[in-house]
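Scroll down for the structure; my scribbles are underneath it.
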Number of protein chains: 2
Amino acid sequence: MTETAPNASGGNPLDQFLCFSVYAAGLAFNRVYKPLLDPYGITYPQYLALVALSSKEGQTVSELGEKLHLESNTLTPLVKRLEAAGLVTRTRDTQDERVVRLGLTVAGSNLAKTALGCVPAEVLAATGMDQAALEELNGNLATLGATLRDFAGR
Amino acid sequence: MTETAPNASGGNPLDQFLCFSVYAAGLAFNRVYKPLLDPYGITYPQYLALVALSSKEGQTVSELGEKLHLESNTLTPLVKRLEAAGLVTRTRDTQDERVVRLGLTVAGSNLAKTALGCVPAEVLAATGMDQAALEELNGNLATLGATLRDFAGR
DNA sequence: TGCGATTAAATCGTGTGCGATTTATATAGA
DNA sequence: TCTATATAAATCGCACACGATTTAATCGCA
């Protein structure tokens, strides 16, 4: 829960907890992204996956999972939906048949480029933050996430 | 997406985005909470609901939703699970039968007290942050969340 | 070579979130 | 009064997350 200050009189007690601010900000980001991504027919986690897949061809499900901090139980269905949408390719590695290699189709690559061309600017505007504040907050949250994952064992 | 810096060479491109840091920190908090809450038989959102319900007796589903930033489509099933677990009471308001009044049972109240007595301290330790840094980050995230909700229309 | 251990991905069940709709109740105005 | 409108909660379907397990393939080592 991680309290920040003694509970003020009338307010929401949850507002005192960092974990809740993170939780609520995550919900809020999703609500900003939803109408921006709906035209592309993808969800926010799917968008993250496409961006992660853009950086390198032939990544495995595990490699994608390291970038998203997710595992195959979450990623396999997500990636299959992207495959069904014609955005991603899934191929068993011929050297090691346990491994699935992921790639973007032309449509997937184009969608990622197009979305990255407009969506981030709109989200940036929605935050109402300047670049310096944004970078500082991002750095602090990245550190916090890494510390928590380390504590939790992943 | 909200970028913070030009994409560095080898790293994870997602790490440059504030939205992803928030998303990943949320996942990480959940992973820290899970083993701490499992002994009580509740989930993290259920824990938040119990804390919110502790602050006032007889809150409506809508009032709880304002505190958690959720609506009845999410809260009704969650609250029914807490009721089934014997932690929460649900009663139709006699003055206005549309409204459901929520309360904590003795068990629910005790669980909230007990959990608040130990869990936050452990989570605080897991963050590895001091009180000042924690409060600053909490404030920045609360502001960001409010700005994003305002932009999204809730 | 063979067989137990390890690894990668997939599968299954549960609990969120949420858009869209429905149900039930209350309110307002002609 | 009667009916249209508004409101509170519930319902439904879908897409995550994730613990636990399963399936399939590879590796290690005698």
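Lettering of chains follows the sequences in order, A, B, ..., and the numbering in each one begins at 1.
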Ignoring hydrogens and angles, write down the donor-acceptor pairs under 3.5 Å from the side chains of residues 63-74 of chain B, residues two or more places apart or on other chains.
unit_1   : atom_1 : unit_2   : atom_2 : d
Glu63(B) : OE1    : Thr60(B) : N      : 3.1
Lys67(B) : NZ     : Ser55(B) : OG     : 3.0
Lys67(B) : NZ     : Gln59(B) : OE1    : 2.7

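- Residues Leu37(B) and Thr43(B) have side chains not in contact (no heavy-atom distance under 4.5 Å, counting atoms from C-beta outward).
- If you check every strand for non-hydrogen atoms under 4.0 Å, Arg101(A) touches nothing.
- A donor-acceptor pair is defined here as one N or O able to donate and one able to accept, closer than 3.5 Å; no such pair exists between the side chain of Asn138(A) and the backbone of Cys19(B).
- Residues Ser62(A) and Asp93(B) both approach DNA chain C. Their nearest nucleotides, taken by heavy-atom distance, put Ser62(A) toward the 5′ side.
- Here the P atom of nucleotide dC18(C) and the CD1 atom of Ile42(A) are 18 Å apart, to the nearest Å.
- With sequence neighbours left out, the side-chain contact (heavy atoms from CB on, under 4.5 Å) criterion links Lys113(B) to Ser109(B), Asn110(B).
- Under the 4.5 Å side-chain criterion, counting only non-hydrogen atoms from C-beta, Leu137(A) is in contact with Leu137(B).
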Test log, rule ring-ring contact (aromatic ring centres under 6.0 Å, His included), inputs Tyr44(B) and Tyr23(A): CA-CA 10 Å; Tyr44(B) 175 59; Tyr23(A) 168 82; 5.8 Å; yes
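- Over its full length, the helix from dT1(C)-dA30(D) to dA30(C)-dT1(D) turns its helical axis through 0°, comparing axes from the five pairs at each end and rounding to 10°.
- Residue contacts for Gln95(B): at a heavy-atom cut-off of 4.0 Å it reaches the sugar-phosphate backbone alone, with no base atom in range.
- One can place CG of Leu37(A) at 14 Å from P of dC18(C), the figure rounded to the nearest angstrom.
- Protein atom CG of Leu75(B) is 10 Å distant from nucleotide atom P of dC18(C), rounded to whole Å.
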When the side chains of residues 139-151 of chain B are checked against the rest of the protein, which donor-acceptor pairs come out under 3.5 Å, sequence neighbours left out?
unit_1    : atom_1 : unit_2    : atom_2 : d
Asn140(B) : ND2    : Glu136(B) : O      : 3.4
Thr143(B) : OG1    : Gly139(B) : O      : 3.0
Thr147(B) : OG1    : Thr143(B) : O      : 2.8

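- In this structure, Lys56(A) has no side-chain hydrogen bond (donor to acceptor under 3.5 Å, both in side chains) partners at least two apart in sequence or on a different chain.
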Within the sub-3.5 Å range, which N or O atoms of nucleotides 15-17 of chain C have a protein N or O partner, and how far apart are they?
unit_1  : atom_1 : unit_2   : atom_2 : d
dT16(C) : OP1    : Thr43(B) : OG1    : 2.6
dT16(C) : OP2    : Gln46(B) : NE2    : 2.4
dT16(C) : OP2    : Arg81(B) : NH1    : 3.0
dT16(C) : O5'    : Arg81(B) : NH1    : 3.1
dG17(C) : OP2    : Tyr23(A) : OH     : 2.6

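- A distance of 6.0 Å or more separates the ring centres of Tyr47(A) and Tyr40(A).
- Contact annotation: Arg98(B) side-chain N/O to dT22(C) OP1/OP2 distance is not under 4.0 Å.
- Each salt bridge (Lys or Arg N to Asp or Glu O under 4.0 Å) pair with one or both residues in residues 30-48 of chain B, not counting sequence neighbours, would appear here, but there are none.
- Protein chain A contacts DNA chain D from dA15(D) to dT26(D), reading 5' to 3' and using non-hydrogen atoms of the protein with a distance under 4.0 Å.
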Distance-only check: which donor-acceptor pairs under 3.5 Å involve side-chain atoms of residues 86-96 of chain A, not counting sequence neighbours?
unit_1   : atom_1 : unit_2    : atom_2 : d
Thr89(A) : OG1    : Gly103(A) : N      : 3.4
Thr89(A) : OG1    : Gly103(A) : O      : 3.3
Arg90(A) : NH1    : Glu83(A)  : OE1    : 3.2
Arg92(A) : NH1    : Glu97(A)  : O      : 3.1
Arg92(A) : NH1    : Arg98(A)  : O      : 3.0
Asp93(A) : OD1    : Gln95(A)  : N      : 2.6
Asp93(A) : OD1    : Asp96(A)  : N      : 3.1
Asp93(A) : OD2    : Arg101(A) : NE     : 2.8
Asp93(A) : OD2    : Arg101(A) : NH2    : 3.0
Asp96(A) : OD1    : Arg98(A)  : N      : 3.0
Asp96(A) : OD1    : Arg98(A)  : NE     : 3.1
Asp96(A) : OD2    : Arg98(A)  : NE     : 3.4
Asp96(A) : OD2    : Arg98(A)  : NH2    : 2.8

